[in-house]
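Side chains included, hydrogens not; waters and symmetry mates left out as well; all remaining heavy atoms used.
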Amino acid sequence: MAMRRLAVSIVFVFTLASTAGAVDFRSEFGSGYGTILFSDDLNISSGPVLSLDFGENFVAASVAPISEQVNNFSLRFVAKNRTNRNGVAIRGKYLLSLPIGKTGLRSESSLALGALSGYYSVQSQDNRFQNNQVLYGSSQYLKAVFGSDSKSLIVRAGGFGSGSTIFDDYGSLAQWDSFGFGANGLFSGQFGGRAKYRLNGDLIRQQYNPERYFFVKDWTNELSLKSELTIPVGMADLIPSINYKKIDIERDRLVDLERLEYGGTALFKNLLGANRNLFAKAVYAPMLNRNGADTLGSVGVIGKDLNLELFQKVSRSNFSSFEARERLWGIKFSWKFPNPEKSIPELDHYGYVRNRKSKFYVDSGLKDDSRLTLEQQAERLGTLRKRNEWSDKNLMWKEAPDDGWGFREARDVYADRGGDCDEQSCQNAYLDFLNGYKSYQLNWYDLDRWIGHGVQLVQDPGNGQWFLDEYGVLYKVKVDPNAPIEEVGREALRQNSRFTAMPITKDEKGIYYYEIDDCTQPGTYQYLTDWISFDEVPPQNIRPQVEYGYELLGGRRFLFED
């Protein structure tokens, strides 16, 4: 047995957050993964091959006997620490690959099982809702390989499904997470002597459970097409490429992402010694779903024991009266020994979105841009989903002025990037109002203790669904879409108030009142309703309607992808 490769990598990313000069810094460990491989060097035909892969959130082990049957087991783990959401998850996946007679087809069957522990917290950081989940899923694909030494085609097609069971103080609840089908293909070969080409396509169509993911379409689609040509010229390879990507997930948007990529890489071989290549890369990627483009330029060294890259990525979006631009400078360095040839990253691998809620939705509208006015920020965010994520990460809790009795107007909250409960909720209500949502503030008070709390009520115009939004956590409110606003407020408190920063339970003594306020102006809110007694609608002891799905990073992604 011989140890063939082990990788350790460190990435330093410097971010120039805006052309106004705000600077951000990030260091990251584990940008890729390496392998410890024990192979059958003695060519003993009965011996197995065992490999262990270590990577970012990923460990895999496989045992491959010398036969046509392939067994593979992988282990993946994720830890998230997100201010008011925390979770730890682990997943095991078993893959069995078998030939189907003498047809040339192979059956690839996967079973996946995982466990997750997570909790939500709010203003006081007390754990309001803790849960444990068992995750499970299976997939079935058919794989066909055609070709010769000069040309080959690999095609996979099949389907998958996943679900989970939640365990908490209210018992257990089993739910499906997602299901769907997909196909991918890789066509590669060479022509004209040494020139090589690769054509790669991937299509996934699936449904997500709307009780776990509040803003998804009935059927979501993800499509990517990649083409690459490698032309040897002396000691260099010229690699032009044209790629296309489209993602259609969020219900409120016509398309989340649609992009063309024109670019190429020049790879200069062995200029710094054996198996150390210099490269330069340039990509121009116009957006087809909006007015904007990404551009990328990078240079670096790629080899068996050293990888170094300097890059600059600029993302530009044009809106009605302004332009949003983000400039990212980065340095990537990794030390690997010994390591097989490393591929050059794709466009989406450059840059990051700081503390994003998940990898489920497309990463637009999350990073802050302090140069924008309140109205420009609303246009940039565009939807409740993006505004909810933006406010969750960029608004800090701050005590109201005048010892807590004053009120910051929406523009002051926006400028300070912070406020107390009613100030934040009123600013968010105004942002959502500008984007076409019905949105109000809900305040309730305990007159015995002389304390109160404020949250936001907002209605999705697409399906009439009402939500309670508190510090970035969204709860569904089960109520008729056409119900009077007084009833919406009552139901929001009855169904969800026990999970908020000022919970109300049946055991508490006190005199509670609530009111609905209008925040359609960026100034002080206007009262819509008189104070209404809360005694007639005691809170229910039921499981909250919280969006669970983000913790899974999407069922297919977490359970099946490595």
Chemist: Just to verify, what does Phe187 make a ring-ring contact (aromatic ring centres under 6.0 Å, His included) with, not counting sequence neighbours?
Modeler: Tyr197
Chemist: List in chain and number order the residues that pass side chain to side chain donor-acceptor pair (under 3.5 Å) with Asn496, two or more places apart in sequence or in another chain; answer none if no residue qualifies.
Modeler: none
Chemist: Just verifying a value: how many Å separate Met287 CE and Arg316 CZ, rounded to the nearest 0.5 Å?
Modeler: 10.0 Å
Chemist: Taking only residues two or more places apart in sequence, or in another chain, which ones meet Ser315 in a side chain to side chain donor-acceptor pair (under 3.5 Å)?
Modeler: Asp294
Chemist: Taking side-chain contact (heavy atoms from CB on, under 4.5 Å) as the test, write out the residues that go with Asn200, two or more places apart.
Modeler: Leu186, Lys226
Chemist: Got a sec, which residues hit ring-ring contact (aromatic ring centres under 6.0 Å, His included) with Tyr244, two or more places apart in sequence or on another chain?
Modeler: none
Chemist: Determine whether the side chains of Tyr471 and Gln456 contain a donor N or O and an acceptor N or O closer than 3.5 Å.
Modeler: no
Chemist: Who passes ring-ring contact (aromatic ring centres under 6.0 Å, His included) against Tyr136, sequence neighbours left out?
Modeler: none
Chemist: Can you list everything that forms a side-chain contact (heavy atoms from CB on, under 4.5 Å) with Asn435? Sequence neighbours excluded, please.
Modeler: Ala378, Tyr437
Chemist: Looking at Tyr262, I'd like to know if its OH atom is crowded, meaning that more than 12 non-hydrogen atoms belonging to other residues, nucleotides or ligands lie closer than 6.0 Å.
Modeler: no
Chemist: Who are the side-chain contact (heavy atoms from CB on, under 4.5 Å) partners of Arg156, not counting sequence neighbours?
Modeler: Glu108, Tyr141, Lys143, Asn184
Chemist: Keeping to residues at least two apart or across chains, list the salt bridge (Lys or Arg N to Asp or Glu O under 4.0 Å) pairs with something in residues 163-176.
Modeler: Asp168-Arg543
Chemist: Under the rule for side-chain contact (heavy atoms from CB on, under 4.5 Å), what residues qualify as partners of Asp518, not counting sequence neighbours?
Modeler: Thr520, Gln526, Leu528
Chemist: If you look only at pairs with a residue in residues 198-207, which of them pass as a salt bridge (Lys or Arg N to Asp or Glu O under 4.0 Å), with sequence neighbours excluded?
Modeler: none
Chemist: For Phe467, what residues pass the ring-ring contact (aromatic ring centres under 6.0 Å, His included) criterion, not counting sequence neighbours?
Modeler: Phe214, Phe215
